[in-house]
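Residue numbering restarts at 1 for every chain, and letters A, B, ... go by the order of the sequence lines.
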Amino acid sequence: MNAIEIEQAITDLAEQPFDFIEFPYQFLEAFGNKSTTIKRLRAGTSNKSDLGGVLQTNNIHLLTCETGKVTQALAALKASPVTAKAKAKFVLATDGFYLEAEDLTSGETVACAFKDFPDHFGFFLPLAGISTVRQISENAFDIRATSRLNRLYVELLKENPIWGTAERSHDMNKFMARLIFCFFAEDTDIFVGKGRFTETIEQMSLRDSSNTHEVIAILFRTMNTNRKERAAAGIPRWADEFPYVNGRLFSGNDDVPRFSKIARSYLLHVGSLDWTKINPDIFGSMIQAIAEDEERGELGMHYTSVPNILKVLNPLFLDDLRTKLEEADDNARALLNLRKRIARIRIFDPACGSGNFLVIAYKEMRAIEAEINRRRDEPDRKSEIPITNFRGIELRDFPAEIARLALVIAEYQCDVLYRGQRLALAEFLPLRYDNWITCDNALRLDWLSLMDVGGSGVKLVSDNLLQSPLNQAEIDFENEGGETYICGNPPYVGSSKQSAAQKSDIQKLFEASNIKYKNLDYISGWFWLASKFCKDVNGAAAFVTTNSICQGEQVNLLWPTLLNKNMEIYFAHTSFKWSNLAKNKAGVTCVIVGIRAIKPGSKFIYFDNIRKEVTRINPYLLDFADVFIPRHSESISSLPKMLKGNQPTDGGNLILAPWEKRDLLRRNPEAEIYLRKLYGSKELIDGVDRYCIWIEDYELKDARSITEISRRLGGVTQARLQSPAQSTRKRANDAHRFIQIQDYGKRAMVVPEVSSEKREYIPCGILDEESIATNKLFAVYEPDLYVFALCSSKLHRVWVEAVCGKLEERISYSNVLGYNTFPVPELTEKNKADLTRCAEDILLAREHHFPATIADLYDQEKMPPDLRMAHERNDEVLERIYIGRRFKNNTERLEKLFDLYTKMTSSTASAKSKKRMMGAN
DNA sequence: AATCCGACAATTC
DNA sequence: GAATTGTCGGATT
C-alpha cells in the first residue's frame, strides 16, 4: 500500500461504527498488513498480548477498553512486560470515543477523539513500514489532501464522464485548481471566516446534492466579479461576502461538474482539512498525479524531491547569492545592490511540471531578501521579487495550472512568514492577471520570446484559446538587465524509446546542426536550447538528467557541438539513483549538469554531497581536459579484432534450460548433435548452464524431423513475425539460424557486455570451440592470451568505466568504444610473452578454486589471495610497460590513458591526412 | 552488417 | 521491499 491508500483506509475506518473486537485487526489491515498476517494474529499464534489486546512483534500493542478507561488502558500497555519484549514501537488504546497512543521510540503521544485519529496520519505512518517515513510524515498533510482530492476527482468523473474527455479535461483541471485555491483561501483568512467556502456550500446546496454545481458556479462567478459590478451581474447576497479574486483563475468558463451525493460529501470532506499546512513545493507534484490515468492515486513517479532540486539550484546561483550576502555583511549600500540584483533574476524551468523548482527557487530567494531587509532594518518591506519572474513551460494542462497556483500560495506564505499576516492579506487580492506559465511543447518554442530579454518585446502564448488573447502591454516583467537561470528536470527518453512526435521534436531541433541526433536522448533537446539561450543571455542552466548523456557514445554526439568552444560545464553532480516518495519510483540514475558561457571562476564536481573544487569538467563529468571518443571500428593499438557474440532474436525458442535439454534428449537422443552450450554474461559470470539449438543449413531437413525442434523453429518464426523491426520479420523463415551470426567454432576470449561495477576487474573468460557466445558477450576468436591479460587489467577497467556507456552504474562494455579505443604502447614479443604468462596464472588461479563461479571469485570481499596476487602481477607487468612503474592510483591511470589516446589518435589522423594528400598528388 | 542503450527488469537478499 | 546485477532485442548506422 502507498501512503495515499493508507490514508483512505484509516479515514474509512474512523467513519465506520466502532467494533470493540475487530478494531485492532481493522487498524492493522488499514496500515497494509497482509491478510495472512492478520489471520495469524487472530488465531493467536503470533499475538503476544497479555492484556487481551493485540500485540504485533516489532510493531504495535493495541487494546480496546471500556468507555472512559482509555488512559488506564494505555498505562497498562506501557507497563506490560511483553510490550518491551516484543519490541513494540507503538502502544494504542481506545474505547471508541477517545483514543490515546504513544510512539515508544520518540515518546511522542497522541490523544484525540476516536473519529479524529486519521488527522494524526503522519504520527502513525511508521507502522506502514515505509522507509522514507520522516519525509512522508513531514508531508503528511499533502498526502492527505491528495488522497481526498483523488477520491473527489474520481467520483466526479464517474458522474460526469464527459469531463474526462480530451476536450473537457482543461475544464476539469481548471475546476480542481479553483477548488484548491478556495480551500486554501478559506483557511487562511483570504476569505473572511475560517472554512466559509466549504460551509457555504454545505448550507446552500441541498442534501441530495442536486444543486451543488449551481452553488459552486455562483461562488466562482462572484470571485470573478468586481464589487462594483456585482449587483448588475445578479450575484446573490449570500455570496457577496466572497472577494474578487480574478487572476485568470476564475475567468472564462464557469461550468461546474454535477455532484452525486457521494461527491458532495467528499467535497465537504476535503474542505474540512486544515489547508494552512499545505506545502507548495511538494504538494503540486503530488496533486498533479490525480489527473493522470496511469498514476492516479500514486505520488507521481517523476517529481523531483526537494534535496535534488537544491542540488540544482544551490550551485546554479543560490550559493553565489548567499556568498554575496555574507560579503555585504551590514553594509546598507551593498545589501541594497544585492536586493536589486535579486529582484531582477529570472528563473526559467522549461519543463516545470507543477512548478516545484520555481517554488523552491522563489522561497530560497525570499529568504535571502528577508535577511537583507532585516539587516537594513526594513522588516515590513514589500518584497521586490515578482513571482512572474519565475517562468515555466509545461506540456500538460493540469500541472501548468497547479504551478501557477503553487507560486501564488508560496508568495502568500512567504509574506506571512516574513512580513506578518496583516500585510500579506492586504496585498494578496486581486491576483495578478499575468500568465507566466506557458502550456506548450518546450522544444517547439522560442525560449527567448518568453523571457523578454533585454527589455525587447514580449510574445506570449495564451494558455487557453477560448479566452481573449493576452493584452501584452499589461505584462510587466521587472527584470531588465537581469540574470536568467534555467533549471528543471525535463523528460528522459532513450533514442529507441521515443515516440514519433518526440523523434520529430528532436529532428526539428538538430537537423540544421552538424549533430547526428538520432541516437540522442530526448533530454538533449533541453540542453541544446539552454546552451543557445545562455549564449544570448546573462545566466546559466542546469538540469537533472539521465546519466547516459554523459556516457559512452552520446558524449561525442552531443557535447562537442553544444559546448562549441564558448560554453562550459561549470558544475556537476555525478550519478545518483532517482528517488522520491513515490512507490513506483522511476528506475533511472541521474546526474546534474550546469552549463554557462565560458568565464573565469571556480567549478565544482559533487560526488554524493561531497564537493570538490576543480579547474575543468569534461562531458564525462571528470576532472580532465575535454576528450571526445567516437566509435572506432578497429583497434588503435593493433589489437586483434573483437566481435560481438551471436544474437538469437528467437523469442526464447532456440534456447534451452538444462531440464529442457534433458527432456528433449530423453525423447530424442539423436537431437544431441544440434545442441551447443550457450554463453551470455550471466552464464559466464554466474556459471549458469544454458544450451541452444544450432543447426547448419545442410542439417535442417534432418533436424526438422524431430517434432520438438520443428515446433521450436515454428515458435521462432512466430516470434520474429511479431517484431516491430522489419529486418527481424524478414528473417522469420530463417528460423534455424540466430538472426545475427558473427563467428563460432573457435576458441574465444570473451568479455561480458554488462557486469557489476563493484568488481575491481572486468571478468573476462575463455570459451572452447564447441560453445556459442551470445550478443551478451564480446569475443576475440583464436586469441593470443596477452589480450586476455590486457582486458583483465586494472588499466582496462578504468578506461572502460570512463569512456563506455553504462547501464545505470553497471559497466557496459563495448568493442568500438572501449576495446578499440584502448591505448596500448607498442608491445615487444617479450612483453607479449610476459603478459601471456600473467594471463595463464590468472586462469590457473581460477581453476584452482573450481567450482567457484566468477561472481564468487571476483567478489571484492572474498577474492582469494592467489587470484588477487595473479591480478596484481598482471597489473604490475602491464603498468611497467606503460610507465616503467606501478601507477599510484586510478586518476593517474586515466590521465595517462587519455593522454596516450590523444597522442595515438592525432598521429593516426595526421598519418591519414598525409596519405590523402599524397593520394591527391 | 553490427552495436548502444534502456525515467529498466528480473531475481535475490 | 530494496539491493543486486545483467536479458533481450529494436533502431540506427
Qualifying ring-ring contact (aromatic ring centres under 6.0 Å, His included) pairs, either residue in residues 722-746 of chain A, two or more places apart = A:Trp694-A:Phe738, A:Trp694-A:Tyr744

With sequence neighbours excluded, residues passing salt bridge (Lys or Arg N to Asp or Glu O under 4.0 Å) with A:Glu634 | none

A:Arg729 side chain N/O closer than 4.0 Å to the phosphate oxygens (OP1, OP2) of C:dG9?
-> no

Looking for any heavy atom pair under 4.0 Å, which part of the strands does A:Arg690 touch: base, sugar-phosphate only, or nothing?
-> sugar-phosphate

Which residues share a salt bridge (Lys or Arg N to Asp or Glu O under 4.0 Å) with A:Arg631, sequence neighbours left out | A:Glu553

Winner on side-chain proximity to A:Gln740, out of B:dA1, C:dT4, B:dC4, is B:dA1

Does A:His573 have any ring pair (Phe, Tyr, Trp, His ring centres under 6.0 Å) partners at least two apart in sequence or in another chain, and if so, which?
-> A:Tyr606

Does a distance-only test, which skips hydrogens and angles, find a donor-acceptor pair under 3.5 Å between the side chain of A:Asp686 and the base of C:dG6?
-> no

Salt bridge (Lys or Arg N to Asp or Glu O under 4.0 Å) involving A:Lys661 - partner list, sequence neighbours excluded = none

Taking only the side-chain nitrogens and oxygens of A:Gln742, find out if one of them lies under 4.0 Å from OP1 or OP2 of B:dA2.
-> yes

Return the stems involving DNA chain C, sorted by first number, where pairs are Watson-Crick (N1-N3 with N6-O4 or O6-N4) or G-U wobble (N1-O2 and O6-N3), both under 3.5 Å, and runs are 3 or more long.
-> B:1-6 with C:8-13, B:8-13 with C:1-6

How would you list, by chain and number, every residue that makes a side chain to side chain contact (heavy atoms under 4.5 Å, CB included) with A:Ser575, sequence neighbours excluded?
-> A:Asn547, A:Gln551, A:Thr589, A:Val591, A:Glu809

Under 4.0 angstrom, heavy atoms only, what part of the nucleic acid is A:Thr728 near: base, sugar-phosphate, or nothing?
-> sugar-phosphate

May I ask you to check whether A:Tyr522 and A:Tyr492 place their ring centers less than 6.0 Å from one another?
-> no

Who pairs with A:Lys89 by salt bridge (Lys or Arg N to Asp or Glu O under 4.0 Å), at least two apart in sequence or on another chain?
-> none

Which part of the nucleic acid, if any, lies within reach of A:Arg720 when heavy atoms closer than 4.0 Å are counted: base, sugar-phosphate only, or nothing?
-> nothing

In B/S/- notation (B base, S sugar-phosphate only, - none; protein heavy atoms under 4.0 Å), nucleotides 6-13 of chain B written 5' to 3' is BBB-----

